[in-house]
Amino acid sequence: MLEVADFTKKYGKTLAVDGIGFTVPDGNVGILLGPNGAGKSTVIKSIAGLLRYKGLIRIQGQDSRTLEAKRHFAYVPELPYMYDALTVREHIEFITRAYGVEIPESEISGLLARFELADKQDKLGNELSKGMMQKVSICCALVIKPQVILLDEPMVGLDPAAIKELKAVLLELRERGCTILISTHMLEMVKELWDVTFVMDKGHILGTYPREMLGNEDLEELYFSVTGQSGAGEDGK
């Protein structure tokens, strides 16, 4: 479970996020929606431990800043970062050692194969395209078998086959009881994945919408109706 309560973040005197709260239960996929500048990135980076904040973020009941919480948590950033001198395979081995997890060779090989990286595993980080880097970042997150996973615009830069595979993996994680939070503008890509949506604007949560509440309304219609934006001429960003 992922819990955010009384969360506030200021940059200097500028209030970026004002006392928000939300919960994503075990075995649910939450979607964080909002226009640019809504505060989504601030929330995401804070959950991932990249920003200081006021309030409470809990991962599986533990304060997100504790080592115990971090052992259960994985993060796929919008802009993946690779070590230039490490190969694809070495990135995954580095993560398993950092988290102290033992993964059978067959599982690592299977994960690489799923994301079409089996023949790329000896390539260095500085030899990879952005799409390949994104795939490696996803594999590094999955290899620790997280109980809570956060993905920030995870499908940007991925080819259609990788998007299809990622969707399949996320559904498998949900089935196993994993808590998933996705921040994305690509509403079409997550329409079959989500269980609850949080719509943000100007540093506030405007509404929390479980799937069963929407009836025939889709995510795009919800986004535009809640934020008051017009869909005309929009590309979803």
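Along the sequence shown, residues carry numbers from 1.
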- Decide side-chain contact (heavy atoms from CB on, under 4.5 Å) for I20 and V17; before the verdict, give the C-alpha distance in whole Å, the side-chain angles of both, and the deciding distance to 0.1 Å. CA-CA 7 Å; I20 71 166; V17 181; 3.7 Å; yes
- Item | Stepwise salt bridge (charged side-chain N to carboxylate O under 4.0 Å, His left out) check, R58 with E68 | CA-CA 11 Å; R58 284 181 175 166; E68 183 62 26; over 6 Å; no
- Evaluation steps, salt bridge (charged side-chain N to carboxylate O under 4.0 Å, His left out), between K135 and D159: CA-CA 10 Å; K135 291 180 185 181; D159 57 66; 3.2 Å; yes
- Item | side-chain contact (heavy atoms from CB on, under 4.5 Å) between L142 and F115, intermediate numbers included | CA-CA 12 Å; L142 296 175; F115 286 93; 4.1 Å; yes
- Message: The test is side-chain contact (heavy atoms from CB on, under 4.5 Å); show your working for L15 and T8 and say whether it passes.
- Response: CA-CA 8 Å; L15 183 61; T8 298; 3.6 Å; yes
- Message: Checking L193 against I31 for the side-chain contact (heavy atoms from CB on, under 4.5 Å) test, could you report, in this order, the C-alpha distance in whole Å, the side-chain angles of both residues, the deciding distance, and whether it holds?
- Response: CA-CA 9 Å; L193 298 176; I31 304 296; 5.7 Å; no
- Query: Stepwise, does the salt bridge (charged side-chain N to carboxylate O under 4.0 Å, His left out) test hold for E107 with K145?
  - Reply: CA-CA 11 Å; E107 288 191 25; K145 298 183 177 180; 3.1 Å; yes
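One N or O on the side chain of D195 and one on the backbone of V29 form a donor-acceptor pair closer than 3.5 Å. R176 places no side-chain N or O within 3.5 Å of a backbone atom of L171 that could act as its donor or acceptor partner. Between the side chain of T66 and the backbone N or O of Q62 there is no donor-acceptor pair closer than 3.5 Å. At least one donor-acceptor pair closer than 3.5 Å links the side chain of E90 to the backbone N or O of T87. Between the side chain of S109 and the backbone N or O of S106, no donor-acceptor pair lies under 3.5 Å. The backbone N or O of R89 lies less than 3.5 Å from no partner atom in the side chain of H91, so there is not a single donor-acceptor pair. A distance-only check finds a donor-acceptor pair linking the side chain of Q121 to the backbone of A118 [under 3.5 Å]. Although no hydrogens or angles enter the test, the distance criterion places a donor-acceptor pair under 3.5 Å between the side chain of K9 and the main chain of R52. Under a 3.5 Å cut-off, the side chain of K40 and the backbone N or O of S183 do not form any donor-acceptor pair.
A salt bridge does not link R174 with E192: every distance from a Lys NZ or Arg NE/NH1/NH2 to an Asp or Glu carboxylate oxygen is 4.0 Å or more.
No side-chain heavy atom of F7 sits under 4.5 Å from any side-chain heavy atom of L56. Considering only heavy atoms from C-beta on, L206 stays 4.5 Å or farther from M200 through its side chain. Within the 4.5 Å cutoff, side-chain heavy atoms of S64 are placed close to those of I59. In this structure the side chain of I103 reaches within 4.5 angstrom of the side chain of V101, judged on heavy atoms. Using a 4.5 Å heavy-atom cutoff, the side chains of L117 and K120 are in contact. Counting heavy atoms from C-beta on, the side chains of I180 and I182 come closer than 4.5 Å. Annotation: side chain of L219 is in contact with side chain of T197 (closest heavy-atom distance under 4.5 Å). With a 4.5 Å cut-off on side-chain heavy atoms, P77 and L79 do not count as touching.
Residue-environment remark: NZ (K130) exceeds the threshold of 12 foreign heavy atoms within 6.0 Å. When the shell of 6.0 Å around CG of D6 is examined, it contains 12 or fewer heavy atoms from other residues, nucleotides or ligands. The environment of K70 atom NZ is dense: over 12 non-hydrogen atoms of other residues, nucleotides or ligands sit within 6.0 angstrom.
Both F94 and V76 belong to a single network of hydrophobic side chains, linked directly or stepwise wherever heavy atoms of I, L, V, M, F, W or Y lie under 4.5 Å apart. At a threshold of 4.5 Å between side-chain heavy atoms, the hydrophobic network of Ile, Leu, Val, Met, Phe, Trp and Tyr places I149 and F198 in two separate groups. Linking ILVMFWY side-chain heavy atoms closer than 4.5 Å, directly or via other members, places V190 and L181 in two distinct hydrophobic clusters.
P25 and T179 get closest at one heavy-atom pair: O-OG1, 3.3 Å. Shown here for P80 and M133, the closest heavy-atom pair between the two residues is O-CE, 3.3 Å. Shown here for A69 and D63, the closest heavy-atom pair between the two residues is CB-O, 3.1 Å. The shortest heavy-atom contact between P210 and T208 is CD-O, 3.6 Å.
With I47 as reference, I57 is the one residue of L32, I57, T42, D152 to meet the side chain to side chain contact (heavy atoms under 4.5 Å, CB included) rule.
Ring orientation note: the planes of Y75 and F73 are close to parallel, at an angle under 30° on the 30°/60° scale.
With 3.5 Å as the limit, one finds a donor-acceptor pair spanning the side chains of E153 and T184.
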